[in-house]
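Have a look at the structure below before the remarks.
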Amino acid sequence: MTPGTDPLTLDPPVMLAPMAGITDLPFRDLVAGFGAGLVVSEMVASQEMVQGKPGVREKAELGLGRARTSVQLAGRDAQWMALAARQVADQGAQVIDINMGCPAKKVVGGLSGSALMREPDHALSLIEAVVAAVDVPVTLKMRLGWDDDCLNAPDIARRAEAAGVRMIVIHGRTRCQFYKGRADWAAIGAVKAAVSVPVIANGDITSPAAAREALRLSGADGVMVGRGAQGQPWLPALIGHELFGAPAPRIPEGDSLSNMVSEHYEAILTFYGKDLGARVARKHLGWYMDRTGTATELRQRILRSPDPAEVLSLLPRALRAAGAERQAA
């Protein structure tokens with residue numbers, strides 16, 4: 001990073017959440033290009049990262065050295081977490097995030113992610129190990145608690161701040177809620193009251209209006225956008241503009257939209273290779289076509305085509321629906 005700069009001085013304080021299988025390098029680059037304050041890599045398992053098991057490094061080519069990018073690590077063992085943190089920091093990571101929020105059964109079953117919220121003392125040993133291992137800022141992402149009987153995020157946040165964590169992101173649900181119901185933005189306020197470091201509200205941030213309400217109810221310092229950015233990678237920048245006065249993103253329409261989607265599609269193919277890239281791209285193309293109301297027959301033709309040239313030739317017609325992209329608000 002540039003000497004004298006702090007990568008956690010977010011302008012605007014609107015972030016892209018880490019989402020497995022979604023926030024890969026092509027998508028993060030696209031979202032960052034519109035003007036998000038920070039983008040976060042897909043969760044990387046710390047032990048596998050250090051051991052270099054096949055698939056892990058490719059999965060998150062971490063964007064090391066890129067501005068406004070955070071690398072998220074998950075794990076259960078303090079030694080592996082520290083080694084992974086040191087490795088990515090040495091390779092250029094500007095911010096390291098610790099995952100204590102993932103609710104996936106596979107992650108929780110390995111006693112990582114939000115399972116750590118049931119063991120605060122052990123969780124703090126991981127945090128302390130990572131902070132001690134690196135000179136770059138360390139942040140923490142977690143939920144309100146494990147369930148309604150274990151709403152311990154304020155206490156963990158207080159202890160994490162004392163251990164040196166520089167920013168805390170709270171998803172306004174418990175682990176046992178997964179993604180059901182509505183995020184409880186007001187409950188995030190208890191975390192904000194417990195610490196002096198910035199607190200970021202996450203969960204159901206799908207529009208500038210939702211972001212404004214989340215900030216009002218939580219008192220948080222910023223927001224993190226997850227699923228709301230699917231099909232509208234400009235959303236974090238739009239929220240930054242409407243709530244924090246950041247420059248307005250140019251929301252693509254018509255030919256500009258089809259050009260953006262085509263470039264995203266080609267970037268995915270380049271990143272993953274043609275065969276895997278075509279499969280990875282389908283969900284993104286589907287989200288874009290959801291927003292523009294693409295006719296079912298044309299949509300299916302694009303999603304099933306094994307030929308990138310055919311997909312690229314069909315995208316302009318598929319994304320022609322006027323004004324649908326303005327539904328971002």
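A distance-only check finds no donor-acceptor pair linking the side chain of Asp290 to the backbone of Gly293 [under 3.5 Å]. Between the side chain of Ser218 and the main chain of Ala214, a donor-acceptor pair closer than 3.5 Å is present. Looking only at distances, a side-chain donor or acceptor of Gln232 sits under 3.5 Å from a matching main-chain atom of Gly228. Formation of a donor-acceptor pair under 3.5 Å by the Arg299 side chain with backbone atoms of Gly286 is found in this model. In this structure a side-chain-to-backbone donor-acceptor pair under 3.5 Å is missing from Arg68 to Leu38. Without hydrogens or angle criteria, Arg175 side chain to Asp147 main chain gives no donor-acceptor distance under 3.5 Å. In this structure, the side chain of Gln177 engages the main chain of Thr174 through a donor-acceptor pair within 3.5 Å.
By the 30° and 60° cut-offs, the orientation of the rings of Phe27 relative to His284 is tilted.
Atom CG of Asp90 is surrounded by more than 12 heavy atoms from other residues, nucleotides or ligands within 6.0 Å.
Considering every non-hydrogen atom in both Ala129 and Ala82, the closest pair reads O-CB, 3.8 Å. Nearest approach of Val130 to Ala85, heavy atoms of both residues: CG1-CB, 3.8 Å. The nearest pair of heavy atoms linking Val71 to Ala93 is CG2-CB, 3.9 Å.
Electrostatic pairing of Arg158 and Glu161 does not count as a salt bridge here, judged by no charged N lying under 4.0 Å from a carboxylate O. The pair Arg159-Glu128 does not meet the salt-bridge criterion, since no charged nitrogen lies less than 4.0 angstrom from a carboxylate oxygen.
Between the side chains of Thr139 and Asp97, at least one donor-acceptor pair of N or O atoms lies under 3.5 Å. At a cut-off of 3.5 Å, with distance as the only test, no side-chain donor of Thr23 or Glu42 sits close to an acceptor on the other residue. For the residue pair Gln94 / Thr69, no side-chain donor-acceptor distance below 3.5 Å is found, with atom types taken as modelled.
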Check your understanding: Could you go step by step and tell me if Leu144 and Asp184 meet the side chain to side chain contact (heavy atoms under 4.5 Å, CB included) rule?
Key -> CA-CA 9 Å; Leu144 296 174; Asp184 187 349; 4.2 Å; yes

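Hydrophobic clustering places Leu73 together with Ile98 (ILVMFWY residues linked when any side-chain heavy atoms are closer than 4.5 Å, directly or through intermediates).
In this structure, Arg143 is positioned above the aromatic face of Tyr179, its NZ or CZ under 6.0 Å from the six-membered ring centre and within 45° of the axis.
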